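Each chain gets a letter, A, B and so on, in the order its sequence line appears, and its residues count up from 1. Any value given below was found using the heavy atoms of this structure, including those in side chains, with hydrogens, waters and symmetry copies removed. Here the structure is a predicted model, which is why all the values come from computation and not from measurement.
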Protein chains: 2
Amino acid sequence: MTGKTFAPAPPEPLPRDLFDPDCLPNPVPIRFSEKWAWLVLRCLEPGPRRFSELRVPLHWVTPKVLTETLRSLERDGLLTRTEFQEHPPRVEYELTTLGHSLFGPMDAVCGWARENLGRLLAAREAHPAPSK
Amino acid sequence: MTGKTFAPAPPEPLPRDLFDPDCLPNPVPIRFSEKWAWLVLRCLEPGPRRFSELRVPLHWVTPKVLTETLRSLERDGLLTRTEFQEHPPRVEYELTTLGHSLFGPMDAVCGWARENLGRLLAAREAHPAPSK
DNA sequence: CGGCATCCCGAAGGATACTG
DNA sequence: CAGTATCCTTCGGGATGCCG
């Protein structure tokens with residue numbers, strides 16, 4: 001065990017601090033990494049929406065994935081799911097206060113994107129799948 | 001178009017607007033979805049770092065993945081990679097102005113996380129892997 | 001030192017079909 | 001209408017090992 005090049009099996013089992021907002025295992029950055037969460041929240045910004053109403057702007061998301069996304073957002077208290085006992089069934093999704101409060105930081109990111117997307121894409125152009 | 005329940009094979013092949021900062025295929029939100037990009041940028045915030053220096057705080061990231069992350073950030077013009085012709089070889093990574101400008105919005109998100117992580121985790125507690 | 005080349009695996013995500 | 005159930009593909013990421 002002297003020849004090992006790297007990390008001789010460090011005792012610590014990845015002590016990443018869940019409460020460090022910078023740390024990726026932190027649920028918040030993770031939230032942004034969920035593929036559709038971002039857009040789903042946006043679609044709910046104007047007000048409550050039904051499942052099928054959400055499917056229109058998100059028609060390229062399969063119902064399964066949409067459901068999963070909605071449930072995970074519900075688990076984190078960002079939106080509520082209300083089931084009306086009617087026929088045909090009806091379910092409404094609505095942002096919580098917590099959910100709404102996310103738009104602040106989200107807008108900051110979107111603002112950055114709006115301003116710098118051009119540079120970013122230009123940089124991509126400039127790096128033409130390099131040497132390889 | 002009467003019998004089909006949903007989208008009778010809509011002609012549009014997913015017309016997600018790459019230039020809409022809200023849209024997930026947009027490179028900016030995507031950037032946050034890359035598992036380590038966020039942390040790598042943070043590690044470079046104080047100043048230029050060598051590959052091996054980055055490996056210390058990110059010791060649970062394999063060199064391969066770290067390289068991939070760095071390259072993708074380089075492609076987008078968020079950092080630069082400088083190779084010094086020395087022996088042994090030496091490479092430094094440094095944030096660009098564009099890269100630095102990302103901390104504004106990132107801090108907004110982190111601030112949100114700092115304030116609301118508790119509620120978020122509490123909400124998770126309250127939803128005990130529901131009915132199923 | 002700072003990588004890249006390979007091989008590999010598990011989980012995320014997609015397509016399709018079917019129900020309460 | 002609002003999902004669930006299944007099945008299948010993709011691919012991010014990990015574990016070596018080699019090279020300039």
May I have the distance from [X] (atom [atom1]) to [N] (atom [atom2]), rounded to whole angstrom?
X     : N      : atom1 : atom2 : result
B/E53 : C/dG2  : CD    : P     : 8 Å
A/L66 : D/dA2  : CG    : C1'   : 10 Å
A/L58 : C/dG14 : CG    : P     : 12 Å
B/R55 : C/dG3  : CZ    : C1'   : 11 Å
A/Q85 : D/dC1  : CD    : C1'   : 13 Å
B/K35 : C/dG13 : NZ    : P     : 12 Å
B/E68 : C/dG3  : CD    : C1'   : 12 Å
B/L70 : C/dG2  : CG    : P     : 11 Å

inquiry  = Quick check: on DNA chain D, is the nucleotide nearest B/V65 upstream (toward 5') of the one nearest A/R81, or the reverse? Name the residue that is more 5'.
reply    =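 Checking each residue's closest nucleotide, the 5'-ward one belongs to A/R81.
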Contact under 4.0 Å: [X] side-chain N or O vs [N] OP1/OP2:
X     : N      : value
B/R90 : C/dG3  : no
A/W36 : C/dG14 : yes
B/R50 : C/dC1  : no
A/T67 : D/dG3  : no
A/S52 : D/dA2  : yes
A/K64 : C/dT16 : no

inquiry  = Looking at B/E125 and B/A122, would you say the former's side chain and the latter's main chain have a donor-acceptor pair under 3.5 Å?
reply    =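 Judged by distance alone, no pair lies under 3.5 Å.
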request  = Evaluate the side-chain proximity of B/W112 to B/L117: yes if any heavy-atom separation is below 4.5 Å, no if none is.
outcome  =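 SC-SC contact between B/L117 and B/W112 ruled out.
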query = Going through the checks in order, is the side chain to side chain donor-acceptor pair (under 3.5 Å) test met by B/E74 and B/T80?
reply = CA-CA 6 Å; B/E74 187 194 7; B/T80 59; over 6 Å; no
query = With a distance cut-off below 6.0 Å to the six-membered ring centre and an angular limit of 45° from the axis, does A/R49 pair with A/Y93 as a cation-pi contact?
reply =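 Ring-cation test returns no.
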message = Could you check whether B/T82 and B/E94, counting side-chain N and O atoms only, form a donor-acceptor pair closer than 3.5 Å?
response =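 No, B/T82 and B/E94 have no side-chain donor paired with an acceptor closer than 3.5 Å.
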key: A/Y93, nearest nucleotide to its side chain (from D/dG3, C/dG2, D/dC1)   =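 In terms of side-chain proximity for A/Y93, the closest of D/dG3, C/dG2, D/dC1 is D/dG3.
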